[in-house]
Amino acid sequence: MNDPQRINRIQTLIDQLHKGITSTENEKRKVNWDSFAGLPGIFVRHLPQKGGNKIPFIADLDREMWAAVLEADLREVYGDPLCYLEFELRRKLFAFQNFLDDNPLTDRVTMWFGVGFCESVLGIPQEPAQATQEPWVGKNRLIGDPIDLDSLEVPDFMINERARFAREWYERLKSAAGEDVEIVFPEWDFGPLGIATHVRGTEDFVIDCIEDGDFVHDLMSFLYEAKVSWSKGRAAHLGCQPQTLYLANDDVNVPLISPEVYRYFVFPYEQKISRYHGGIDYWHSCGRIDPLLGDVQQLPGLKMVHISPWTNLEKAVEIAHPDLVLEVVLHPIDEVLKATPEQMTGKLEWIRNVCQDRLYTVRADAFQVYTTLEQDLEKVWTWIERCRALFG
């Protein structure tokens, strides 16, 4: 049932959103970016503007910390589309008003059902949301023995239970938001390796790469077909064409896999995904990728790659071709929440010296409450101030 008070609050938030979007401050932020990287997902990534006069930077919090900031219960957020919409609007406005970084305010709200949603489409139930924890990937794998792959079917977007759930949420969100906010339907933007390790189990998947390469290719081919089925169904439902992608790939991480495993078992399917979508705007892994970057950057149409705190930035700069944008991401605890202001500045100066004339952007995110909410927000604000002083 609709809640009239919540609907009124949502309309007030939408009015505030549009005032912020048309503000001078927002115009200043927008000039730093060329476009979204792929669809405007829940973890918004932008492609920086070439030839700009500053290094754009963004700070963002994890959902759990946002719940603390907004005093929200994530069970309610993920249990009711209207509660979700209100939460997202409040989050966007709080960030714009309190984080004086370069993240522009937009009129888009993306549907995000938590890590493990793609696996749930395949049949692995997600772990449900808790008061301070968003939904998470389910713990039960689908393939205990390679022969189990034969029993899996590529999900049909029109009849799959989770796809129907997403469509119902989409209609309710659109109805509540009206014409003033664009609701972005979720895309299957998780890379095949991460899905494979959940479907098969990480340890067995790694063993399969050594002992049963044919099965691994069969599994990856199945996951590619499942991804394409979702993307085709999504496009048909929305009356649009598949577009360039944001690809999340945290399991592509040395030493979880070797460069050889990536090259032989993962890259070919990411390559097919990129070709299907007309390019990957942004390739993401929170793990160490400098040993893999030479291969990763061969993906057709790739524009930007995530450089995590575990990736050797100096090696990445040496390896990456000049046109590849580097998103340099800091360690949220060691380099922000536990760091002194002087240490923050030292790290940012080091990044600037290493990257020099490259096109890059700087990001600190994945923040959760480490000490107290108040102290941690103060640290984030200090980091933003240091970035503004150094990057312009």
What are the two closest heavy atoms between [X] and [Y], and how far apart are they?
X    : Y    : value
V369 : A68  : CG2-CB, 4.3 Å
I143 : R200 : O-NH1, 3.3 Å
A196 : M220 : CB-SD, 3.9 Å
P81  : L173 : O-CD2, 3.2 Å
H277 : P242 : ND1-CB, 4.0 Å
Q126 : S120 : CG-CB, 4.2 Å

Please check if the side chain of [X] supplies one atom and the backbone of [Y] the other of a donor-acceptor pair under 3.5 Å.
X    : Y    : result
T197 : G194 : yes
D80  : E76  : no
Q16  : L93  : no
K379 : A339 : yes
K315 : D290 : no
H198 : E119 : no
S229 : P155 : yes
N160 : F157 : no

Gap between atom [atom2] of [Y] and atom [atom1] of [X] - 0.5 Å precision:
X    : Y    : atom1 : atom2 : result
L245 : S274 : CG    : OG    : 8.5 Å
K347 : L330 : NZ    : CG    : 6.0 Å
C387 : R363 : SG    : CZ    : 12.5 Å
I280 : L302 : CD1   : CG    : 6.5 Å
N26  : F96  : CG    : CZ    : 4.5 Å
L348 : R388 : CG    : CZ    : 14.0 Å

Quiz item: Could you go step by step and tell me if V44 and T106 meet the side-chain contact (heavy atoms from CB on, under 4.5 Å) rule?
Solution: CA-CA 10 Å; V44 174; T106 74; over 6 Å; no
Would [X] and [Y] show up in the same hydrophobic cluster when neighbours are defined by side-chain heavy atoms closer than 4.5 Å?
X    : Y    : answer
W283 : W310 : no
I195 : F43  : yes
I351 : L293 : yes
I10  : V184 : no
L373 : I333 : yes

Above 12 or not: heavy atoms from other molecules or residues under 6.0 Å from [atom1] of [X]?
X    : atom1 : result
Y370 : OH    : no
Q5   : CD    : no
E71  : CD    : no
N8   : CG    : yes
E161 : CD    : no
Y264 : OH    : no
E153 : CD    : no
N353 : CG    : yes

Sub-4.5 Å side-chain heavy-atom contact between [X] and [Y]:
X    : Y    : result
W33  : I58  : yes
K50  : D34  : no
Q49  : V31  : no
W381 : F99  : yes
Q133 : E127 : no
Y224 : V228 : yes
L82  : R172 : yes
L219 : D208 : no

Test: [X] and [Y] ion pair at under 4.0 Å:
X    : Y    : answer
E25  : K28  : no
E187 : K227 : yes
E318 : R358 : no

Practice problem: Among V261, I257, L247, find the one that has a side chain to side chain contact (heavy atoms under 4.5 Å, CB included) with V252. | Solution: I257
Quiz prompt | Option from N32, T361, D281, N103 for which side-chain hydrogen bond (donor to acceptor under 3.5 Å, both in side chains) with H46 holds | solution = N103
Quiz item: Just by distance, with hydrogens left out, do H331 and K338 show a side-chain donor and acceptor under 3.5 Å apart?
Solution: no
Self-check item: Any side-chain donor near an acceptor of the partner, D60 and W66, under 3.5 Å
Solution: yes
Quiz prompt | Passing option when Y84 is tested against W169, W112, F113 for ring-ring contact (aromatic ring centres under 6.0 Å, His included) | solution = W169
Self-check item: Check against salt bridge (Lys or Arg N to Asp or Glu O under 4.0 Å), E171 and R164
Solution: CA-CA 11 Å; E171 294 305 320; R164 183 171 62 250; over 6 Å; no
Quiz item: Quick check, are the ring centers of W230 and F117 under 6.0 angstrom apart?
Solution: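 They qualify: ring centres under 6.0 Å apart.
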Quiz item: Would V216 and D212 count as a side-chain contact (heavy atoms from CB on, under 4.5 Å) if you check the C-alpha gap in whole Å, the side-chain angles of each, and the deciding distance to 0.1 Å?
Solution: CA-CA 7 Å; V216 174; D212 196 349; 5.7 Å; no
Practice problem: Kindly assign one of parallel, tilted or perpendicular to the pair F185 and H237, based on the angle between their ring planes and the thresholds 30° and 60°. | Solution: tilted
Quiz item: Is R167 close enough and on-axis enough to Y170, meaning under 6.0 Å and within 45°, for cation-pi?
Solution: no
Practice problem: For salt bridge (Lys or Arg N to Asp or Glu O under 4.0 Å), just list the numbers for D101 and R29, CA-CA rounded to whole Å, side-chain angles, deciding distance to a tenth of an Å, and then say yes or no. | Solution: CA-CA 8 Å; D101 57 5; R29 298 188 187 194; 3.5 Å; yes
Practice problem: Determine, stepwise, if the pair T110 / L39 fulfils side-chain contact (heavy atoms from CB on, under 4.5 Å). | Solution: CA-CA 9 Å; T110 300; L39 290 170; over 6 Å; no
Quiz item: Should S308 and T311 be marked as a side-chain contact (heavy atoms from CB on, under 4.5 Å) after you check the CA-CA gap, both sets of side-chain angles, and the distance that decides it?
Solution: CA-CA 5 Å; S308 78; T311 291; 3.5 Å; yes
